[in-house]
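This report concerns only the one structure given below.
Both backbone and side-chain heavy atoms feed into the values below; hydrogens, waters and symmetry mates do not. These numbers were taken from a predicted model, which means no experiment stands behind them.
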Amino acid sequence: MSLQPNGAIIRASSVNACDAAESCLSAGNVSAALPHEEFFLEQVAGEGMSADGIIPLFSRGVSVLLFSRGKAEVRINGKSYSAETGTVATVIADEIVELENVSEDCVCAMVSVPSETVIDFPSPADSDILTMTMISPVFTVPGRKMALVMEYYRLMQTVNADRDNVFRWEIMKSIFYSMMLEICDAYRQYGTVVGKSELLRHEQLGDELFRLLSRHCRTHRSVSFYAGKLNITPKYLSREIKRITGRTVQEWVNRLTIMEMKKQLNVPGRTIMQISEDMEFSSPSAFVQFFKLHTGTTPLKYRKSAR
């Protein structure tokens with residue numbers, strides 16, 4: 001089967017929950033946006049669900065799709081991956097995800113959390129999750145690992161249902177963090193990148209770029225730097241990455257830079273001066289201007305709202 005044109009999971013971090021929910025309803029969809037303070041858990045494919053399409057889900061932040069049975073095709077920003085039992089797909093904000101050719105026995109669960117939740121994770125999981133997502137958003141793990149990951153998912157469902165628990169949010173974050181540690185460990189030990197052997201040259205180029213970004217985005221923000229590392233021209237690199245991902249190299253650099261900025265701003269005691277120097281901005285004012293340009297708010301306002 002294939003989805004209708006509106007049958008996509010759309011990451012819309014730039015809109016608030018109410019606006020996204022209104023858009024969802026006006027389009028004839030029944031699912032709401034992910035509130036900033038909440039987890040969103042949903043089964044997106046499985047028994048009893050229509051085989052003609054999957055309800056669109058509008059969320060902000062990091063989403064994990066867990067395929068515990070059956071087969072499907074996962075499209076992330078137009079790039080197609082095969083999903084089967086044991087496949088994990090991890091997606092960050094503002095990416096478009098579609099499921100196609102979903103088998104009748106396919107079972108897929110999803111959990112979404114605000115980006116800040118992942119940024120707040122203690123090391124090493126935060127960098128592992130974001131790097132893993134950029135380099136290999138879809139991969140497979142052994143059945144025993146997948147079974148353990150699904151146990152965490154079911155535990156989150158149980159805790160989430162206990163609305164009288166005043167510590168529910170903190171417990172959910174802890175369980176999700178544990179689940180992501182298991183996923184990262186599985187990725188390191190057993191992860192088989194879906195479709196890796198079939199990658200074309202320009203797709204391999206994309207993987208090489210993201211590896212470089214994960215190492216250098218903290219201090220290098222020019223396209224020419226990454227093109228030089230890959231021994232190609234900035235024009236060629238930009239054209240190929242735009243074709244693969246739908247975003248330019250500069251957009252990816254800015255995106256990862258903002259993630260790193262937010263991560264640093266959430267470290268208690270770190271000053272704007274210290275962070276700007278560590279990230280090799282020319283001055284604290286340049287740091288503030290960059291952050292405001294790409295987020296619409298200042299670092300200090302972001303820090304206050306994140307607490």
Under a 4.5 Å cut-off applied to non-hydrogen side-chain atoms, are [X] and [Y] in contact?
X      : Y      : answer
Arg270 : Arg303 : yes
Ser68  : Tyr153 : no
Val88  : Thr140 : no
Phe225 : Val253 : no
Thr85  : Met146 : no

Shortest non-hydrogen contact from [X] toward [Y]:
X      : Y      : answer
Gly269 : Gln274 : O-OE1, 3.6 Å
Met156 : Leu41  : CB-CD2, 3.8 Å
Phe291 : Pro299 : CD2-N, 3.6 Å
Cys106 : Val102 : CB-CG1, 3.5 Å
Arg168 : Asp162 : CD-O, 3.4 Å
Cys217 : Leu256 : SG-CB, 3.8 Å

### Pair Ser285, Ser283: side-chain N/O donor-acceptor within cut-off below 3.5 Å
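Yes - a donor-acceptor pair under 3.5 Å links their side chains.
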### Residue pair Asn254 / Arg221, side-chain donor-acceptor N/O under 3.5 Å
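No donor-acceptor contact under 3.5 Å links the two side chains.
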Output yes when a side-chain donor or acceptor of [X] lies under 3.5 Å from a complementary backbone atom of [Y], and no otherwise.
X      : Y      : value
Arg163 : Asn160 : yes
Ser238 : Lys235 : no
Arg69  : Asp105 : yes
Tyr226 : His220 : yes

### Task
Could you list the residues that satisfy side chain to side chain contact (heavy atoms under 4.5 Å, CB included) with Ser224, not counting sequence neighbours?
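Counting only residues at least two positions away or on another chain, Ser224 forms a side chain to side chain contact (heavy atoms under 4.5 Å, CB included) with Ser222, Pro234.
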Give, for atom [atom1] of [X] and atom [atom2] of [Y], the distance between the pair rounded to the nearest 0.5 Å.
X      : Y      : atom1 : atom2 : answer
Ile232 : Leu205 : CD1   : CG    : 4.5 Å
Met172 : Thr158 : CE    : OG1   : 10.0 Å
Gln264 : Asn266 : CD    : CG    : 9.5 Å
Met180 : Asp185 : CE    : CG    : 12.0 Å
Phe287 : Leu265 : CZ    : CG    : 5.0 Å
Gln250 : Lys242 : CD    : NZ    : 13.0 Å

Hydrophobic cluster membership, with links at side-chain heavy-atom distances under 4.5 Å among I/L/V/M/F/W/Y: are [X] and [Y] in one?
X      : Y      : answer
Leu293 : Ile272 : no
Val267 : Ile275 : no
Met273 : Leu300 : no
Tyr152 : Phe167 : yes

#### Entry: Verdict with reasoning, Ile241 to Thr248, per side chain to side chain contact (heavy atoms under 4.5 Å, CB included)
CA-CA 6 Å; Ile241 295 304; Thr248 65; over 6 Å; no
### Query
Hey, mind stepping through His294 and Met261 against side chain to side chain contact (heavy atoms under 4.5 Å, CB included) and telling me if it holds?
CA-CA 11 Å; His294 295 285; Met261 286 173 145; over 6 Å; no
### side chain to side chain contact (heavy atoms under 4.5 Å, CB included) assessment of Arg218 paired with Asp278
CA-CA 8 Å; Arg218 184 185 178 95; Asp278 287 349; 3.8 Å; yes
### Query
Which of parallel (below 30°), tilted (30 to 60°) and perpendicular (above 60°) describes Phe281 and Phe290?
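Plane angle over 60°, so perpendicular.
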### Task
With side chain to side chain contact (heavy atoms under 4.5 Å, CB included) as the test, would you mind laying out the steps for Met259 and Lys262 before giving the verdict?
CA-CA 5 Å; Met259 284 183 178; Lys262 288 181 175 180; 6.0 Å; no
### Query
Do other residues, nucleotides or ligands put more than 12 heavy atoms under 6.0 Å from Lys173 NZ?
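Atom NZ in Lys173 is crowded, with more than 12 foreign heavy atoms closer than 6.0 Å.
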